[in-house]
Amino acid sequence: MNKIVSLCKRRGFIFQSSEIYGGLANTWDYGPYGVELKNNLKRAWWKAVVNDRDDIFGMDAAILMHPKVWEASGHISSFKDKYRDCLVCKKRIKSDDPRWNPKKPNWCPECGHDGIGLTDIRDFNLMLKTTLGALEIQGIDTYLRPETAQGMFVNFLNILDSRHPKLPFGLAQIGKAFRNEVTPGNFTFRTREFEQMEIEYFVEPKDADKFHEYWVKERFDWYTGLGLKKENLRKRQHPKDELAHYAKACTDIEYNFPFGWSELEGIANRADFDLRQHEEYSSKELKYFDDAAGEKFYPYIIEPSGGIDRSVLAFLADAYYEEKVKDDLRTVLKLDKNLAPTKVAVLPLLKNRPQIVELARKIAQDLKKCFITVYDDTASIGKLYRRQDEVGTLYCVTVDVQSLEDKQATVRDRDTMKQERVSIDRLKEHLSDKLSN
Ligand code: GAP
């Protein structure tokens, strides 16, 4: 994990937020490579769940919602963590921490002190409160959304009225969510501000189990399709006592992070909880009318809900390799071609030869029209290759003295490090073929 955190900072993937002020704990900023990787991941998800399908509509709902939404959703009454503080080491321990020992109520799993004391169990609502309006005393209290899901439930009627979909159909959105987590940590794994990618898939109640299974498989295959190793993924069904207040069933897709198996995405059967609740609190009927059967009913909802930041972390961890090359160690990110932040780097072999630099720059400008391409001449070729390997660039195109004569450049493959000479006027086609295969 330390190696990944250090690579992220060194190469501009992820930085500590507000670092020049000493940082804000557990808050992170995505740098140039990080934002490309994150955007590629979002694009891949959006394509798979919205653009490639006929039955799911995309949405982008507001982060701020009517305060009643959070009463209806159950977040005000139930979205709480239970924790205790250690009076010795001052650490906060969640009451569902597996190290918790009910037989030793005063033992702290963090510092090992026994007897001095842990505080009583306290309840803590995870929502981040904010005030809307110019004056705090006159403003309306509401919350930053703790999940994107509610923005889709409250638009159920709008979608029925504007798109007239037939069951099964879904809504999908990507967006920020905020939770005042009691124990944030593990880099970007658990933070107070994060991004979710969520689908709310409306089905006939009798089909709910079938579609729950279908979505667990779809989502598992999406991760492996983008390169996550099967052996680093597993499915875990929630036991009854672990289910969220809205869920009838839930299966997590877990990833074997460097700190252990942890949730990447949850696929829940939310039954008709949300539509019934919002109908009660808004007094707007939220049933679906089935023309063929001539009846109204509440559809059930299957919800695949994943975290973008957690996914970025999993893809980084999975792609991270250290390989021995002669007497050297190369670090390489073997990210899938759809996710790699940069597809091509153009590197002049000699930066003090103006003709080589000019030709390399011209090639880079030309390739930019088709692929995310960078130009770099700030180090020796060995260092430039290592730098591109570390950020997962798929192909390096090197321009040398010979290129001036034979009009060819060397194309080096990130994973195999094999090199081949390719005619400069065929470079676009050559790289296009490789990237589309
Ligand atoms: N609408 C259902 C829902 O929000 P969740 O299991 O609480 O379910 C879904 O969250 C996903 O959001 C998780 O699987 C995880 O990937 C991501 N997530 C949740 N809390 C997070 C946090 N504090 N930091 C980063 N990602 C988080």
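Residue numbers run from 1 in the order of the sequence given.
- Between K407 and D425 there is no salt bridge, since none of the side-chain N atoms of the basic residue sits less than 4.0 Å from a carboxylate O of the acidic one.
- Taking the six-membered ring where tryptophan is involved, the planes of Y201 and W215 are perpendicular, since the angle between them exceeds 60° and thus also 30°.
- Panel note: side chain N338, backbone N40; no donor-acceptor pair is recorded below 3.5 Å.
- Side-chain contact annotation: E265 with Y223, donor-acceptor N/O pair under 3.5 Å present.
- A cation-pi arrangement is not found for R43 relative to W46, the charged atom failing to lie both closer than 6.0 Å to the ring centre and inside a 45° cone about the ring normal.
- Side-chain contact, S78 with Y246: no donor N or O sits under 3.5 Å from an acceptor N or O.
- Between F257 and Y255, the ring centre distance stays below 6.0 Å.
- Ion pair E147/R270 flagged as a salt bridge, since at least one NZ, NE, NH1 or NH2 atom sits closer than 4.0 Å to an Asp/Glu carboxylate oxygen.
- A salt bridge links K38 to D309: one of the charged nitrogens lies within less than 4.0 Å of a carboxylate oxygen.
- The distance from atom CD of E323 to atom OG1 of T331, rounded to the nearest 0.5 Å, is 9.5 Å.
- Under a cut-off of 6.0 angstrom, the local environment of CG in D54 is sparse, with at most 12 non-hydrogen atoms contributed by other residues, nucleotides or ligands.
- Geometrically, K235 engages F220 in a cation-pi contact defined by less than 6.0 Å to the ring centre and at most 45° from the axis.
- Qualifying side chain to side chain contact (heavy atoms under 4.5 Å, CB included) partners for R421, counting only residues two or more places apart in sequence or in other chains: D400, Q402, S403, D406, Q408, T410.
- For E213, there are no side chain to side chain contact (heavy atoms under 4.5 Å, CB included) partners two or more places apart in sequence or in a different chain.
- Among residue pairs with one or both ends in residues 353-365, none qualify as salt bridge (charged side-chain N to carboxylate O under 4.0 Å, His left out); sequence neighbours excluded.
- Ion pairing between E231 and K229 fails under the 4.0 Å rule for side-chain N and carboxylate O.
- A tilted orientation is assigned to the rings of F202 and F156, their planes being inclined by 30° to 60°.
- Looking only at atom types and distance, the side chain of R190 has no donor-acceptor partner in the side chain of S262 under 3.5 Å away.
- Put simply, the side chain of C8 reaches to within 4.5 Å of the side chain of L316, judged on heavy atoms.
- Judged by the 6.0 Å and 45° rule, K343 forms no cation-pi pair with F371.
- In this structure, R412 satisfies the cation-pi test against Y385, with its NZ or CZ atom closer than 6.0 Å to the six-membered ring centre and inside 45 degrees of the ring normal.
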